[in-house]
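Since the structure comes first, as structure tokens, the remarks are kept for the end.
Owing to the predicted nature of the structure, the values given are computational and were not obtained by experimental measurement. Just so we're on the same page: letters track the sequence lines, and every chain starts at 1.
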Amino acid sequence: MKSEPGDFSIDDLKKRPRRTEAWDGVRNFQARNMLRDAMRQGDLAFFYHSNCDEPGIAGIIEIASNGYPDPTAFDPHSKHFDPDSDPADPRWYLVDVRFKRKLRRLISLTELKKQKRLRNMQLLKRGNRLSVMPVGPAEWNLILEME
DNA sequence: GCCAACGTTGGC
DNA sequence: GCCAACGTTGGC
């Protein structure tokens, strides 16, 4: 799961009450489908810092809820407001996430790219811009070994 | 700041 | 259904 640390970093998540926050504002249908259908409470995820000095994986978070409608889509005062999202048929979903731990060090995008065994990882595919994407079990374990 | 690689929108 | 225009993402 990607976030710009200037906007919301893993340290910000750690400071939240119960170290938990709603991952709102995702406005991409592929990512929406994963939030709504694929992710389940108790799953683990990497917290990726994007669009910053050193992009890379900063830590591990736990999915703290199943997907549910993103309330910011219905809030005219939210920058994520979407007038086309009908409360009776919500267009956008989110999950709650909980801080688990930071990695002992940030594993940078550059370093991930050097790992031949990660060459098929979705994060590293050309042109990828999804803010939420799957990580395979082998990829997950390899990254933890790099820590 | 630049730009490639998308996704979305809307005219036709 | 096609596709140009536009907006966004995110690495560099």
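- Tracing side-chain contacts under 4.5 Å through hydrophobic residues (I, L, V, M, F, W, Y), one reaches A:Tyr48 starting from A:Met34; they form part of the same cluster.
- Here B:dA5 presents its P atom at 17 Å from CD of A:Gln30, a figure rounded to the nearest Å.
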Show each protein N/O and nucleotides 9-12 of chain C N/O combination with a separation under 3.5 Å, one pair to a line.
| from | atom 1 | to | atom 2 | distance (Å) |
| --- | --- | --- | --- | --- |
| C:dG10 | OP1 | A:Lys2 | NZ | 2.9 |
| C:dG10 | OP1 | A:Arg129 | O | 3.1 |
| C:dG11 | OP1 | A:Tyr48 | OH | 2.8 |
| C:dG11 | OP2 | A:Asn51 | N | 2.8 |
| C:dC12 | OP1 | A:Lys113 | NZ | 2.6 |

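- Side-chain atoms of A:Asn128 come within 3.5 Å of backbone N or O of A:Leu130 as a donor-acceptor pair.
- The CZ atom of A:Phe29 sits 15 Å away from the C1' atom of B:dC6 (whole-angstrom rounding).
- Side chains of A:Thr72 and A:Asp70: a donor on one and an acceptor on the other come within 3.5 Å.
- Aromatic ring centres of A:Tyr68 and A:Trp92: separated by at least 6.0 Å.
- For the salt bridge (charged side-chain N to carboxylate O under 4.0 Å, His left out) test, no residue two or more places apart in sequence or in another chain qualifies with A:Arg40.
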